[in-house]
There are 2 protein chains.
Amino acid sequence: MRRLKHTKQFPAADHDHKTCITHALQEAEAYCKQQGLRLTELRRRVLELIWANHQPVGAYDLLEQLTREGRKAAPPTIYRSLDFLMQSSLIHRITSLNAYVGCNHPGLDHAAQFFICEDCGQAAEMDDAKIESAIAKDAKRLGFTVEKRTIEVAGICAHCKHHSKT
Amino acid sequence: MRRLKHTKQFPAADHDHKTCITHALQEAEAYCKQQGLRLTELRRRVLELIWANHQPVGAYDLLEQLTREGRKAAPPTIYRSLDFLMQSSLIHRITSLNAYVGCNHPGLDHAAQFFICEDCGQAAEMDDAKIESAIAKDAKRLGFTVEKRTIEVAGICAHCKHHSKT
DNA sequence: AATGTTACGTTATATTATAACAACATCCCA
DNA sequence: TGGGATGTTGTTATAATATAACGTAACATT
């Protein structure tokens, strides 16, 4: 597994999010083209909706948005797109929220950890080698072969902490 | 938060599980008595069913077992007991499985990590200070206040690995 | 164009969890 | 000790998340 040099910051309140979206979609296009994956109109749109912000979004929220846009959509419609996007490493599932969020490093098979603000709902994706190696060490001691990690930390982000000091 | 000295081993195939059960129930009784918590007949029975083995069990599985025993039980019955047991730190919820498993250190407010075998279904609870401190360090850097951790590693345990070499 | 494969539409249903209110039990103390 | 307060359980209904099964349409390759 490749390792990233930098961990992500929590998305700043004032960052230029349009850039996040266009960048994510461009990367997705390029990656799918390169890998021969079919980023269809539907899948692309779902990815775009997920990237609307940095807050993990539920499947039925996405479904409702698609429906409002006039598309005939039922649960399988959205779940199939989500499956594709997850298999292609374009999004992550946040298990503790039953929600989905855009991946910062599409195509890269990385062990991700998430810090999720319970106030603003934003999620920051990390790739901390220390966490990963601590887990690997435990696994080795147990003789355990790691397949999937679910590492999600809920709490309050710096921004919300400062702004809730009423 | 108190820190445990030893991390748990994966439950061995041949361990004396009856001891696990009686020990867990005795500890629960003692802890509840000491804390003035009411471990009612229902709650005690649910805890016992959860401790039937080391595999996290679903709420509706428990419900079915209660029903078979002749008790009038509906989903709220079981979910309320589960809530009580979780708040009392007698069980953990395994988020990635929507299932519940007995806690090894009742009453102790510990950060738990779980290694879950996808073959035999058993879960091993750990309390690795390295993982916890790595998370704490990231949180500090982000200015993030940690509330809840969900750390679950799925894979194949040593026992199942050896026995699937057909 | 024929064929196989992949994606999507559609209907139904499974699985997990909670809301709301009534009935009963237990506790506490005046 | 009796009577209100609190906590627990029963009961009915429903919310929220996810998948099964099967048909149809799009696409891709020959």
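All chains are named by letter (A, B, ...) in the order of the sequence lines, taking the proteins before the strands, and each is independently numbered beginning at 1. Computed from a predicted structure; not experimentally measured. Quick note: numbers below take in every heavy atom, side chains included, and nothing from hydrogens, waters or symmetry partners.
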**Q** Are any of the side-chain nitrogens in A/R45 or A/E48 under 4.0 Å away from the carboxylate oxygens of its partner?
**A** yes
**Q** Without decimals, in angstroms, what is the distance between B/E64 CD and C/dA14 C1'?
**A** 14 Å
**Q** Answer yes or no: is there an ion pair linking A/R68 with A/E64, defined by an N-O contact shorter than 4.0 Å?
**A** yes
**Q** Let me spell it out: for each of B/L82 and A/S81, pick the nucleotide of DNA chain C with the closest heavy atom. Which residue's pick is nearer the 5' end?
**A** A/S81
**Q** Please check the phosphate of D/dG10 (OP1 and OP2 only) for any side-chain N or O of B/T77 closer than 4.0 Å.
**A** yes
**Q** In this structure, how many angstroms lie between the P atom of D/dG10 and the CD1 atom of B/I78, rounded?
**A** 11 Å
**Q** When the distance from CG of B/L85 to P of D/dT8 is rounded to whole Å, what number comes out?
**A** 12 Å
**Q** So, for A/H92 and A/F114, is the gap between ring centers shorter than 6.0 Å?
**A** yes
**Q** Between D/dG7 atom P and B/Q87 atom CD, what is the distance in whole Å?
**A** 12 Å
**Q** To the nearest Å, give me how far apart CD (B/E41) and C1' (D/dT9) are.
**A** 13 Å
**Q** Scan nucleotides 15-29 of chain D nucleotide by nucleotide, 5' to 3', and note B when protein non-hydrogen atoms come under 4.0 Å of the base, S if they reach only the sugar-phosphate, - if neither.
**A** --BBBBB-----S--
**Q** Should A/R71 be listed as having a side-chain N or O under 4.0 Å from OP1 or OP2 of C/dC8?
**A** no
**Q** Can you name the residues that form a ring pair (Phe, Tyr, Trp, His ring centres under 6.0 Å) with A/F84, not counting sequence neighbours?
**A** none
**Q** So B/Y79 and B/Y100, would you call those rings parallel, tilted or perpendicular, with 30° and 60° as cut-offs?
**A** perpendicular
**Q** Are side-chain N/O atoms of B/D128 and B/Q113 paired as donor and acceptor at under 3.5 Å?
**A** no
**Q** Starting at atom CZ of A/R43, determine the distance to atom C1' of C/dG9, rounded to an integer number of angstrom.
**A** 14 Å
